[in-house]
Visitor: 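Supplied in structure tokens, the structure appears directly below.
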Amino acid sequence: MRNSSAGGFEEEKQCIINDQMGPFTVLYILIFIISLPGNLLSVWAFIHSPRAKQQSTSVYLVNLLVADLLLLLALPFKILKDLGAAPWSLMVFHCQASAVTIYISLYASIAFLAFIITDRYLQDRSLRLQEVGFARLLSLVVWLLLLLIMVPNMVLPIQEVQEQRYLSCSSLKKDISLHWHTLTVFLCTALFLNTSAAVLLSSGLTLKRLLGSRNDSKLWVNARRAAGNVTAVTLAYILSFVPYHVVRTPYTLAQTKVITDCQTKRQLFLGKESTLLLSVLHLCFDPLLFFYLYAPFRRTIRGIIPCSRNQTVSETEEPAAEEMIQPAAFVQQEDAV
């Protein structure tokens, strides 16, 4: 009986699941190279944007940018580990610190994207959720909650393992660390499900309101454009984060030895990495979100583009740009005219 257990343990140790990371590493490098200039430009633009009256949306956008910067800082460590080019100490550091930072950034992005989409629906309503002070408080609560859930994964004790080329981070964890990691996954999944419900509800109600104006030809053109933007942002949210969470739970069961079949574990790992890649891809598109959702940011960017520097934007054109991303605004503007 003892020999059988020892043999099974030895077989489990020999199950290497992360020896096919070459294509993923190339894609992560491309994402890093493409997204870095856009996010650095976003930092510069936010710093140099004219100090207009701050709105709740701008608070959520700044926090989304902070989450993106955290992800950009952590991504090179993942790339080096997956390449097999990192020294052993750096691989262990990635498992303990930078990998956790990636997930903190991921769930912060999910939360703030949900707040932004919900805020778009509440654009013409006077609710506390849209107060700047409340938006700051809500943002602080999100960060503190994520740190409370995630940081123990950094500080809980790890076990000594033999140096190897393909290090699986779960192999470093002791039982208490694995239990907390499992709890972390389920808590973050619950956070994702709640934010997704808010996103789908807000998007559906926004589209219903916009489509209600189809009988008015003057409003219908702007309504279609706004509906397209709402749909695009919601679809981007779904495609980026839903596939990852479909795979995340069964992969966690493989990490905690509930699933022990090596081939199944390899397939779940590849599924997790593929869907995580989709989630990280939002780094490339968030600068476009900043551009379309924040007018001072947009004006700052246009000011440094040669072909737009001398372009005069009329007062009738600027609201038209805002209408694309403020679904309820066009109705108010037409009524005012």
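Counting begins at 1 with the first residue of the sequence.
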Visitor: My understanding is that only residues two or more places apart in sequence, or in another chain, count here; which of them pass disulfide (SG to SG under 2.5 Å) with Cys169?
Guide: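 Once residues adjacent in sequence are excluded, the partners of Cys169 under the disulfide (SG to SG under 2.5 Å) criterion are Cys95.
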Visitor: Any side chain to side chain donor-acceptor pair (under 3.5 Å) involving residues 143-160? Give me the pairs, sequence neighbours left out, ordered by first then second residue.
Guide: Asn63-Trp143, Asn153-Thr184
Visitor: Atom CZ of Phe46 and atom CG of Leu41: how far apart are they, to the nearest 0.5 Å?
Guide: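 Those atoms lie 10.5 Å apart.
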Visitor: Hey, what do you get for CG (Leu276) to OG (Ser240), rounding to the nearest 0.5 Å?
Guide: 11.5 Å
Visitor: State, with a plain yes or no, whether a side-chain heavy atom of Leu281 is found less than 4.5 Å away from one of Leu27.
Guide: no
Visitor: Determine whether Leu64 and Leu113 satisfy the following criterion, side chain to side chain contact (heavy atoms under 4.5 Å, CB included), listing intermediate values before the conclusion.
Guide: CA-CA 7 Å; Leu64 179 60; Leu113 279 171; 3.9 Å; yes
Visitor: Would Leu193 end up clustered with Val142 when hydrophobic side chains under 4.5 Å apart are linked, directly or stepwise?
Guide: yes
Visitor: Would you list the atom pairs, donor with acceptor, under 3.5 Å between side chains in residues 76-91 and any protein atom, with sequence neighbours excluded?
Guide:
from	atom 1	to	atom 2	distance (Å)
Lys78	NZ	Asp82	OD2	3.2
Lys78	NZ	Glu273	OE1	3.2
Lys78	NZ	Glu273	OE2	3.4
Lys81	NZ	Leu167	O	2.9

Visitor: Given the rule in the side chain to side chain contact (heavy atoms under 4.5 Å, CB included) test, do Val66 and Phe112 qualify, once you have shown the distances and angles that lead to the verdict?
Guide: CA-CA 11 Å; Val66 172; Phe112 292 119; over 6 Å; no
Visitor: Flag the pair His282 / Phe241 as yes when at least one side-chain heavy-atom distance between them is below 4.5 Å, and no otherwise.
Guide: yes
Visitor: Quick check: do Leu71 and Ile102 have side-chain heavy atoms less than 4.5 Å from each other?
Guide: yes
Visitor: Would a 4.5 Å heavy-atom cut-off, applied to side chains only, mark Tyr237 and Leu200 as touching?
Guide: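 No, their side chains stay 4.5 Å or more apart.
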Visitor: Would you be so kind as to tabulate the donor-acceptor pairs closer than 3.5 Å made by side chains of residues 283-291, with sequence neighbours excluded?
Guide:
none

Visitor: Please tell me if the side chains of Tyr103 and Leu146 come closer than 4.5 Å, counting only heavy atoms from C-beta onward.
Guide: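 Heavy-atom side-chain distance check fails, nothing below 4.5 Å.
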Visitor: Flag the pair Ser109 / Asp68 as yes when at least one side-chain heavy-atom distance between them is below 4.5 Å, and no otherwise.
Guide: yes
Visitor: Taking Ser105 for its side chain and Thr101 for its backbone only, find out whether a donor-acceptor pair lies under 3.5 Å.
Guide: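 Checking the backbone N and O of Thr101 against the side chain of Ser105, no donor-acceptor pair under 3.5 Å is found.
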Visitor: With sequence neighbours excluded, give me every ring pair (Phe, Tyr, Trp, His ring centres under 6.0 Å) pair touching residues 17-44.
Guide: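 Pairs touching residues 17-44 that pass the test: Trp44-His48.
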Visitor: Taking ring pair (Phe, Tyr, Trp, His ring centres under 6.0 Å) as the cut-off, I'd like each qualifying pair that reaches into residues 164-189, sequence neighbours left out, listed once.
Guide: none
Visitor: How far does OH of Tyr107 sit from SG of Cys188, to the nearest 0.5 angstrom?
Guide: 5.0 Å
Visitor: Closest heavy-atom contact between Leu138 and Tyr60?
Guide: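 Result for this residue pair: CD2-OH, 3.8 Å.
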Visitor: Do Ser177 side-chain atoms and Pro157 backbone N/O form a donor-acceptor pair below 3.5 Å?
Guide: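 Side chain of Ser177 to backbone of Pro157, a donor-acceptor pair under 3.5 Å: yes, one is there.
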Visitor: Nearest 0.5 Å, what's the CG-CD distance between Leu268 and Gln263?
Guide: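 Output value for this atom pair is 10.5 Å.
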Visitor: What's the separation between atom CG in Leu70 and atom CG in Leu75, rounded to the nearest 0.5 Å?
Guide: 12.0 Å
Visitor: Could you tell me whether a side-chain N or O of Thr275 sits under 3.5 Å from a main-chain N or O of Lys272, the two making a donor and an acceptor?
Guide: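 It does hold such a pair.
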Visitor: Step by step, would you call Asp261 with Gln267 a side chain to side chain contact (heavy atoms under 4.5 Å, CB included)?
Guide: CA-CA 10 Å; Asp261 179 69; Gln267 291 173 350; over 6 Å; no
Visitor: Which heavy atom of Leu147 sits nearest a heavy atom of Pro152, and at what distance?
Guide: O-CD, 3.9 Å
Visitor: If only atom types and distance count, is the side chain of Ser56 paired as donor or acceptor with the main-chain N or O of Val132 below 3.5 Å?
Guide: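 Absent.
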Visitor: List the steps and the verdict of side chain to side chain contact (heavy atoms under 4.5 Å, CB included) for Ile149 and Leu145.
Guide: CA-CA 6 Å; Ile149 294 173; Leu145 180 63; 4.1 Å; yes
Visitor: Please check: side-chain N/O of Thr195 versus main-chain N/O of Phe192, any donor-acceptor pairing under 3.5 Å?
Guide: yes
